[in-house]
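Both ligands and their constituent atoms are indexed starting at 1 by order of listing.
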Amino acid sequence: MSKLISIVIPVYNESKSLNSAIHTIIHVFEDSSYPYEIILIDDGSRDNSAEIIKQLATENGRIRYVLFSRNFGKDNAISAGLARATGDAVITIDADLQHPPEMIPGMIELWEQGNEVVYTYRQNKNEHSGSFKRITSGYFYKIINNLSDLELEDGISDYRLMDKKVVTILNSLSEEEPFFRGLVKWVGFTQKGIPYTPNARLSGETKYNTKLLAKLAVRGITSFSTRPLYLAAYLGFLFSLLSLLYIPYIVYSLYFNHPISGWSSMIATIAFFGGLQLMILGLIGLYLGKLFMQSKQRPHYIVRESNIPS
Ligand code: UDP
Ligand code: MG
């Protein structure tokens, strides 16, 4: 009895590459002895990705799909796929073939050897992503590793294989805005990271511009750490200690009748502390906002159509 492998693929405006991507993946499985199922999640594409997905499903009975009512983001698409996967192992992979499907047999092999999670991280990131993105991504992983108890490799990706056990646990979390790269590390189990060299995007452009990446970074940090909240306490402590130093200065000036002047130092101080306070308020607001969204308990995505009986 062979074990079933589920492939979960989030799709957002990938009409140009979808067909060849799916066929490449199917090809990998034709050469292996594992039965598979492919779960395509259309994340509210504005092109005709949804039609292509439905067409693919009529051609191949192993293809399941879920169409979202609008764009809910890649992580929500992945969680919809994980919730519907029935395989003994689930692989998540991008629809643009940047994640080389040829690695799948190797990942399955590592899983058979007892690794419950086989994740990949980007190696040789030079050619295929802008250097600005590369540098900021490096900083992002440094910051998140310092702030949280996670150890995320620089360039860790959403291309990974997970054992059924891990998927069951991930499905039981009802986290608002899941950040799977962190969550999968957080659940533990035996994990194995392997490097990969990304292919060039088949067609189209990355959906992650700088603004979206910054949002993702903030989400990654705020969902795994409350350490930024300590900043206010530490800074408050530091500055009140420092302000004590003013007392001898004031006494001295009074005694020697030095007029204490200083419009500029006053303005500088007000502006500095005004900014600092706003920044910290904003930081607290970020966490409060997360709490607010979570408390509403809205669904993480809305399904328009699916060929998976629920
Ligand atoms: N994606 C998605 N929803 C989104 C953005 C992207 O499902 O809102 C999918 C996209 O179709 C692709 C994967 O997530 O399969 C990765 O997206 P992209 O290639 O744009 O990101 P990058 O590889 O540049 O990180
Ligand atoms: Mg990509």
Side-chain angles (χ1 to χ4, degrees), residues 7-25 38-53 56 63 65-85 90-101 103-104 119-138 140-141 152-160 177-182 184 196-217 219-220 300-304 306:
I7 316 290
V8 168
I9 312 175
V11 178
Y12 182 51
N13 297 344
E14 305 279 6
S15 62
K16 292 202 192 71
S17 57
L18 200 53
N19 257 307
S20 54
I22 301 304
H23 286 116
T24 313
I25 292 169
I38 294 179
I39 303 178
L40 292 163
I41 300 96
D42 176 61
D43 189 8
S45 297
R46 274 179 253 255
D47 59 3
N48 61 339
S49 297
E51 277 85 70
I52 297 175
I53 289 175
L56 281 165
I63 296 182
Y65 63 81
V66 177
L67 312 181
F68 280 1
S69 64
R70 63 166 169 86
N71 181 250
F72 280 92
K74 181 185 183 185
D75 283 282
N76 285 322
I78 291 178
S79 70
L82 293 185
R84 287 160 179 81
V90 181
I91 297 174
T92 52
I93 184 169
D94 281 2
D96 56 7
L97 285 192
Q98 281 192 296
H99 297 155
M103 289 171 70
I104 290 177
Y119 62 88
T120 65
Y121 53 89
R122 207 166 52 230
Q123 201 187 38
N124 173 15
K125 308 148 256 180
N126 35 23
E127 306 124 66
H128 303 307
S129 51
S131 64
F132 176 74
K133 198 170 163 180
R134 198 174 72 230
I135 295 164
T136 43
S137 121
F140 165 66
Y141 289 107
L152 297 188
E153 276 88 351
D154 184 2
I156 195 167
S157 79
D158 275 319
Y159 183 23
R160 68 176 82 79
E177 300 192 315
F179 179 66
F180 278 107
R181 279 168 240 187
V184 171
Y196 80 100
T197 313
N199 296 321
R201 216 171 197 289
L202 262 193
S203 76
E205 291 193 337
T206 172
K207 273 102 209 170
Y208 288 94
N209 51 30
T210 314
K211 195 175 140 204
L212 262 180
L213 279 176
K215 251 176 104 172
L216 190 72
R219 193 172 94 205
H300 298 170
Y301 51 84
I302 297 170
V303 175
R304 176 214 302 274
S306 170

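- Close contacts between ligand 1 and D94 involve ligand atoms 13 (C), 15 (O), 16 (C), 23 (O) [criterion: under 4.0 Å to a heavy atom].
- Contacts of N13 with ligand 1, taken as heavy-atom pairs under 4.0 Å, are absent altogether.
- For ligand 1 and G73, the ligand atoms under 4.0 Å from any heavy atom of the residue are 3 (N), 8 (O).
- Protein atoms of type N/O/S that fall under 2.8 Å from the Mg ion (ligand 2) number 2 in this view.
- Only the side chain of E14 comes within 4.0 Å of ligand 1, judged by heavy-atom distances.
- Evaluated for a side-chain contact (heavy atoms from CB on, under 4.5 Å) with I53, the options I38, V66, L40 yield exactly one hit, L40.
- Heavy-atom minimum distance, A95 versus P10: CB-O, 3.6 Å.
- Judged by the 6.0 Å distance and 45° axis criteria, R70 is positioned over the aromatic ring of F72.
- The two residues P178 and R219 make their nearest non-hydrogen contact at O-NH2, 3.1 Å.
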>> Working note: Y12 + D96, criterion side-chain contact (heavy atoms from CB on, under 4.5 Å); need CA distance, chi angles, decisive distance, verdict.
In response: CA-CA 10 Å; Y12 182 51; D96 56 7; over 6 Å; no

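- In plain terms, the two heavy atoms of Y159 and P100 that are nearest each other are OH-O, 2.8 Å.
- Between D43 and the options L67, N71, D75, V11, a side-chain contact (heavy atoms from CB on, under 4.5 Å) holds for only N71.
- The part of D43 lying near ligand 1 is the side chain, judged by heavy-atom distances below 4.0 Å.
- Every atom of ligand 1 with a heavy atom of D96 under 4.0 Å away is listed here by number and element: 19 (O), 23 (O).
- Shortest non-hydrogen contact noted between N19 and I52 is ND2-CG2, 3.7 Å.
- A salt bridge links K74 to D94: at least one charged side-chain nitrogen sits closer than 4.0 Å to a carboxylate oxygen.
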